[in-house]
**Q** 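Pasting a structure here, questions to come.
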Amino acid sequence: MGFIYGTPIAGYIRTEESMKKLRSVLHMTRSLLLYEWNDKRVIMGFLAGMTVPVFWLKNFLDYAAGTGEPVNILEAFPVVEHEYKSVMFLVLGWFLIVSDAPFINGNTYYSLYRTRKRSWNLAMVLYILAQAAFYTAAVAVPMILASLPCGFAGKMWSNPVYMLSRDYDMRKGGEYGISFLRQNMMREMNVPQAFAATALCFFLYLVLMGIILYTCNLLLGGIWGIVISFIVHISGYGLAFSGDIRFALMEYARPGNFADSGGMHLAQPVAVMAGLAAVLVVVGDRFMDKVDFKGDAQE
């Protein structure tokens, strides 16, 4: 063995072991996705993600119809997601989806028996990432479809949204119940870029809330995860209302908050949310070997 290690054969063996572990992690992630998608709680969470935005979407489409001009089919999602209070409600369906963390089911005990706890933990983190991507799509895609009858495709911002961005006296906003005072964002980004930036920040916020919930439930047990993550989520609204968004994580889900006359500072919200999520993943991984939930897995 002393001869083998340090040779190309040893490197090949380590690569094969790594690939085997990766396949095992991906298999656990896929199995959990299939298992959870059959859960009524998860189905209801996705349905909530698709229906909650209808209130603001209808207001936006009514406003567009009132102008008599078409809108870009990708504009509805950035407009609705940047609407005051929207993120606070858009995330409620997501909490329903991940509320069962750490996702212990009848197959968990066998997965833990066949692999290391840290590999299982990585599979759970990948599951949160995958579900967050699906949930983001579940929120955004219906808005695109609803905009098709009165919309056009392309990079240009529509005249109705341009006028909405200049509605400083909230005359239109008060009449139709929609606002989008994001001229700096519109100046720095075209519509597809703004759509992508909004989807990215919303996705990262979902991931961060999911990781907070998962990690707290894993390490503290009980309902601490949902309690702590919900407090963090709601406190973001209160901090934003006071005018200070530095500690309001909810406001990091809206990239328009980070556009000013100096440009678009997208790296800031992305770094904050991704960094906090990564720290929590490391903390969970660090204490994973001390977590004992075999009894729960057998239930």
Side-chain angles (χ1 to χ4, degrees), residues 52-91 136 139-202 205 236-246 248-270:
V52 167
V54 169
F55 172 77
W56 294 283
L57 177 61
K58 181 181 182 300
N59 292 347
F60 173 65
L61 295 179
D62 285 346
Y63 160 73
T67 65
E69 299 185 57
V71 293
N72 192 308
I73 60 174
L74 296 181
E75 286 177 323
F77 177 57
V79 170
V80 169
E81 205 267 355
H82 281 83
E83 174 60 34
Y84 186 58
K85 295 183 181 179
S86 65
V87 173
M88 182 174 68
F89 292 100
L90 291 178
V91 178
T136 301
V139 172
V141 171
M143 298 191 199
I144 298 175
L145 298 177
S147 300
L148 288 176
C150 59
F152 63 91
K155 296 182 177 181
M156 293 179 56
W157 292 93
S158 67
N159 191 51
V161 172
Y162 175 73
M163 291 189 297
L164 196 62
S165 72
R166 296 175 60 84
D167 185 32
Y168 299 112
D169 59 2
M170 294 299 293
R171 185 169 60 87
K172 292 294 184 182
E175 180 181 355
Y176 289 98
I178 196 72
S179 63
F180 189 66
L181 302 177
R182 305 292 176 173
Q183 275 197 310
N184 289 326
M185 181 180 182
M186 294 173 65
R187 182 174 56 250
E188 297 298 326
M189 290 182 161
N190 59 38
V191 177
Q193 289 172 337
F195 180 92
T198 304
L200 174 62
C201 289
F202 184 68
Y205 184 71
Y237 175 75
L239 290 169
F241 187 79
S242 68
D244 187 357
I245 68 170
R246 291 176 300 172
L249 290 178
M250 183 188 299
E251 293 305 301
Y252 284 78
R254 298 184 176 103
N257 290 327
F258 301 90
D260 54 32
S261 57
M264 187 75 198
H265 311 288
L266 187 60
Q268 183 177 347
V270 170

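Heads up: numbering here begins at 1 and tracks the sequence.
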**Q** Of the non-hydrogen atoms in S261 and R187, which two are nearest, and what is the gap between them?
**A** CA-NH2, 3.7 Å

**Q** Would a 4.5 Å heavy-atom cut-off, applied to side chains only, mark C201 and L266 as touching?
**A**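 With C-beta onward as the side chain, the pair touches.
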
**Q** Shortest non-hydrogen contact from S165 to M186?
**A** CB-SD, 3.5 Å

**Q** Atom CG of L181 and atom OH of Y84: how far apart are they, to the nearest 0.5 Å?
**A**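 Here the interatomic distance stands at 13.0 Å.
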
**Q** Main chain of G154, side chain of N72: is a donor-acceptor contact present, judged purely on distance under 3.5 Å?
**A** yes

**Q** Evaluate the side-chain proximity of I144 to S147: yes if any heavy-atom separation is below 4.5 Å, no if none is.
**A**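 Not touching, per the 4.5 Å side-chain cut-off.
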
**Q** Mind checking whether M250 and V87 have side chains closer than 4.5 Å, heavy atoms only?
**A**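 SC-SC contact between M250 and V87 confirmed.
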
**Q** M189 and A197: which non-hydrogen atoms are nearest, and at how many Å?
**A** CE-CB, 3.7 Å

**Q** Using atom types as modelled and distance alone, determine if a side-chain donor or acceptor of W157 lies under 3.5 Å from a backbone N or O of E75.
**A** no

**Q** Among V80, I73, L74, which residue satisfies the side chain to side chain contact (heavy atoms under 4.5 Å, CB included) criterion with M143?
**A**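 Single side chain to side chain contact (heavy atoms under 4.5 Å, CB included) partner of M143 among V80, I73, L74: V80.
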
**Q** Quick one: pull up CD1 in I178 and CG in L57 and give me the separation to the nearest 0.5 Å.
**A**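 These two atoms lie 8.5 Å from each other.
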
**Q** Do you know the tightest heavy-atom contact between T67 and A64?
**A** OG1-O, 2.6 Å

**Q** Return yes when atom OH of Y162 has more than 12 non-hydrogen atoms of other residues, nucleotides or ligands closer than 6.0 Å, and no otherwise.
**A** no

**Q** Say you draw a straight line from NZ of K85 to CG of L90; how long is it, rounded to the nearest 0.5 Å?
**A**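 CG of L90 is found 13.5 Å from NZ of K85.
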
**Q** Keeping E251 on the side-chain end and A248 on the backbone end, is there a donor-acceptor pair under 3.5 Å?
**A**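 Between the backbone of A248 and the side chain of E251 there is no qualifying donor-acceptor contact (under 3.5 Å).
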
**Q** Using only atom types and a distance under 3.5 Å, with no angle test, would you say the side chain of H82 pairs donor to acceptor with the backbone of G256?
**A**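 Yes, because the side chain of H82 sits within donor-acceptor range (under 3.5 Å) of the backbone of G256.
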
**Q** For a side-chain contact (heavy atoms from CB on, under 4.5 Å) check, start with the C-alpha distance between M156 and N190, then their side-chain angles and the critical distance, and finish with the verdict.
**A** CA-CA 6 Å; M156 293 179 56; N190 59 38; over 6 Å; no

**Q** Just by distance, no angles: are the side chains of E69 and S158 close enough, under 3.5 Å, to form a donor-acceptor pair?
**A**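 Short answer, no.
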
**Q** Please answer whether the main-chain N or O of E81 pairs with a side-chain N or O of R254 as donor and acceptor at a distance below 3.5 Å.
**A**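 It does hold such a pair.
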
**Q** Could you check whether any side-chain heavy atom of F258 comes within less than 4.5 Å of a side-chain heavy atom of Y252, counting everything from C-beta outward?
**A** yes

**Q** Looking only at atom types and distance, does a side-chain atom of D167 sit under 3.5 Å from a main-chain N or O of R171, one as donor and one as acceptor?
**A**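 Such a contact is found between D167 side chain and R171 backbone.
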
**Q** Looking at CZ of R166 and CD of Q183, how far apart are the two atoms once the value is rounded to the nearest 0.5 Å?
**A** 5.5 Å

**Q** Give, for atom CZ of R182 and atom CG of L164, the distance between the pair rounded to the nearest 0.5 Å.
**A**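 Spacing of CZ (R182) from CG (L164) equals 11.0 Å.
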
**Q** Classify the ring geometry between F202 and F77 as parallel (under 30°), tilted (30 to 60°) or perpendicular (over 60°).
**A**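 The rings of F202 and F77 stand perpendicular, inter-plane angle above 60°.
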
**Q** Would you say that F60 contacts P160 through its side chain, given a criterion of any heavy-atom pair below 4.5 Å between the two side chains?
**A**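 Side-chain contact under 4.5 Å: no.
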
**Q** With side chains defined as the heavy atoms from C-beta onward, is the minimum distance between M163 and Y63 less than 4.5 Å?
**A**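 In short, these two side chains touch, coming nearer than 4.5 Å.
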
**Q** Using the test salt bridge (charged side-chain N to carboxylate O under 4.0 Å, His left out), find all partners of K58 that sit at least two apart in sequence or belong to another chain.
**A** D62

**Q** Which atoms form the tightest heavy-atom contact between V161 and F180, and what is the distance?
**A**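 Smallest heavy-atom distance, with atoms named: CG1-CD2, 3.7 Å.
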
